[in-house]
Amino acid sequence: MALDIDFVRSQFPAFSEPTLAGQAFFENAGGSYTCASVIDRLMRFYRERKVQPYSAYAPSRLGGEEMDEARVRLSAMLGVETDELSFGPSTTQNTYVLAQAFRQWMSPGEAIVVTNQDHEANSGPWRRLANEGIEIREWQIDPESGRLNPEDLETLLDEKVRLVCFPHCSNVVGEINPVIEITAIAHAAGAFVCVDGVSYAPHGFPNIGNLGPDIYLFSSYKTYGPHQGIMVVRRALGALLPNQGHHFNGDTLYKRFTPAGPDHAQVAACAGMVDYVDALAAHHGGGDLAATGRAELTHDLMRAHETRLLQPVLDAVKSRNAVRLLGPDQAERRAPTVALALNRPAEPVAAELSSHGINCGGGDFYAQRPLEAMGIDPGQGVLRLSFTHYTSQAEIDRLLNALEDVL
Ligand SMILES: Cc1ncc(COP(=O)(O)O)c(C=O)c1O
């Protein structure tokens, strides 16, 4: 069964918004359009429930219930326990808080493995722990392909390593890393695992329980929702790390790593992302599946659609002399986040594309380390063309025509 793209697009008000007409959106890795169910919930919250939640009076009770609903339904969809999921302002901030917890839990001389493939969010906060005597070991990408080789990780592991951090998928290399395999290697060496799923989750919510990491982070403003960072911390690790919240909240797992007060309306509106997944699953015959099954069905539909659209884009750019395609040229091995190093600065090229009705970006996308490791000047940056399951064949055709003119 193929994804019903007309149904998909009908769920996104942006596609019928007059001010966006005639523009094809190719900067989805920076932030996606928002689905109607999220916008509806956000508006309802601000109109009807915008009071301190969790009291007995009706708007307060309903607001609190909706916030709980978001956590309960998201965690069920992701295959983890309800209290293992929490919300913060962004993935960068969530990682920062976790790094503080690890700083307090670890002893000088112990080690953390980071990569040079990650976005800075899952790199800098850990690397800074070097100032506290924590040894930082870098798992390095291949400078040509940008690939992380799991065999190289094995050589970095010993009894001192407490944590291995890596991305499910880099926001410039695009290759999907084998999370299950890498997690098994790290666990076998006695280390915990932190996965940045920000670039992967928009292409289908994963079953985090099956993938196996101890921490999985993603950002809901890239998964068709409001601007939040969503963080799964599995119970065994969450109970071990020192509480970063108010002392009286320390017994509640989902409050331990969110020192800021939550953004009530946005947390509540996150339930709309699950409404969307459920509507998509029901539309494609999966309405009776369990929550993880509905997510799996929609994940597979999205991936198949994206992969089909992606291959011609890769084929069109991979053999051009003045273009270096980062990451694999086989669509099934990667996300549709396509970074191109050019023989000139990328930003003016992105601006030129916008005059062809192609909205995309150029720059370093906070991925300076992987760009430098691949010999690309972050100042010159890369042109990034990123799409998702709601992208149509017509938009891809338009992109290919525009690239013919501009590259
Ligand atoms: C792969 C990746 N990780 C982390 C982040 C940071 O997410 P946030 O903006 O929620 O801090 C981004 C943002 O672009 C990203 O692409």
Side-chain angles (χ1 to χ4, degrees), residues 25-34 38 74 85-100 114-128 139 141 146 148 165-177 179 182 193-206 208 211 213 215-232 257-260 262-263 266-267 269-270 273 326-327 334-339 350 360-371 373-374 378 381-388:
F25 186 38
F26 283 95
E27 223 304 66
N28 290 278
S32 65
Y33 285 159
T34 312
V38 168
L74 268 172
L85 184 141
S86 52
F87 300 90
S90 70
T91 292
T92 307
Q93 191 149 326
N94 284 341
T95 314
Y96 186 87
V97 173
L98 286 170
Q100 295 312 303
V114 296
T115 79
N116 61 354
Q117 194 192 55
D118 272 278
H119 180 284
E120 196 60 20
N122 194 34
S123 201
W126 305 116
R127 288 173 193 263
R128 283 196 196 137
W139 178 15
I141 55 174
L148 278 174
C165 307
F166 65 96
H168 197 159
C169 168
S170 142
N171 67 330
V172 289
V173 178
E175 180 161 11
I176 298 165
N177 290 317
V179 174
I182 298 169
V193 169
C194 172
V195 174
D196 175 352
V198 173
S199 280
Y200 184 87
H203 309 293
F205 288 108
I208 297 171
L211 286 178
I215 302 169
Y216 191 96
L217 306 135
F218 64 98
S219 303
S220 52
Y221 69 95
K222 303 186 200 251
T223 59
Y224 321 112
H227 204 118
Q228 288 283 281
I230 295 181
M231 163 167 61
V232 167
F257 308 106
T258 54
D263 184 324
Q266 299 208 65
V267 169
C270 280
M273 297 190 295
L326 306 195
R334 62 178 300 151
T337 300
V338 180
C360 64
D364 66 30
F365 301 100
Y366 287 14
Q368 294 192 358
R369 290 177 206 272
L371 294 186
M374 287 186 281
V382 287
L383 179 70
R384 194 173 69 173
L385 310 162
S386 58
F387 64 92
T388 79

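Both counts, for ligands and for their atoms, begin at 1 and track the order of listing. Treat the numbers as computed from the prediction; the structure is a model and nothing was measured.
- No side-chain donor-acceptor contact under 3.5 Å links Y221 to the backbone of T34.
- Under a 4.0 angstrom heavy-atom cut-off, K222 registers as being in contact with ligand 1.
- Among protein heavy atoms, atom 10 (O) of ligand 1 sits closest to S219 OG, 2.7 Å.
- Contacts between T91 and ligand 1, counted as non-hydrogen atom pairs separated by less than 4.0 Å, involve both the backbone and the side chain.
- From the protein, the heavy atom lying nearest to atom 15 (C) of ligand 1 is H119 CD2, 3.2 Å.
- Ring geometry for W139 against F166 counts as perpendicular: the plane angle is over 60°, on a 0 to 90° scale with 30° as the lower cut.
- Not close to ligand 1: N122, with no non-hydrogen atom less than 4.0 angstrom away.
- In this comparison of F218, Y221, F365, Y366, the heavy atom closest to atom 9 (O) of ligand 1 sits on Y221.
- Heavy atoms of S199 approach ligand 1 to within less than 4.0 angstrom.
- Geometrically, ligand 1 and T92 share a nitrogen or oxygen pair separated by less than 3.5 Å.
- Ranking protein heavy atoms by distance to atom 4 (C) of ligand 1, first place goes to D196 OD2, 3.3 Å.
- With M231 as the fixed residue, the side chain to side chain contact (heavy atoms under 4.5 Å, CB included) test singles out one of T91, L85, V97, T258: T258.
- For the side chain to side chain contact (heavy atoms under 4.5 Å, CB included) test with H168, the passing option among L217, L211, I182, N177 is L211; the others fail.
- Residue contacts with ligand 1, taken as heavy atom pairs separated by less than 4.0 Å, involve V198 solely via side-chain atoms from C-beta onward.
- Side-chain atoms of S219 and S90, non-hydrogen and from C-beta on, never get closer than 4.5 Å to each other.
- Per-residue contacts place A121 under 4.0 angstrom from the following atoms of ligand 1 (heavy atoms of the residue considered): 4 (C), 6 (C).
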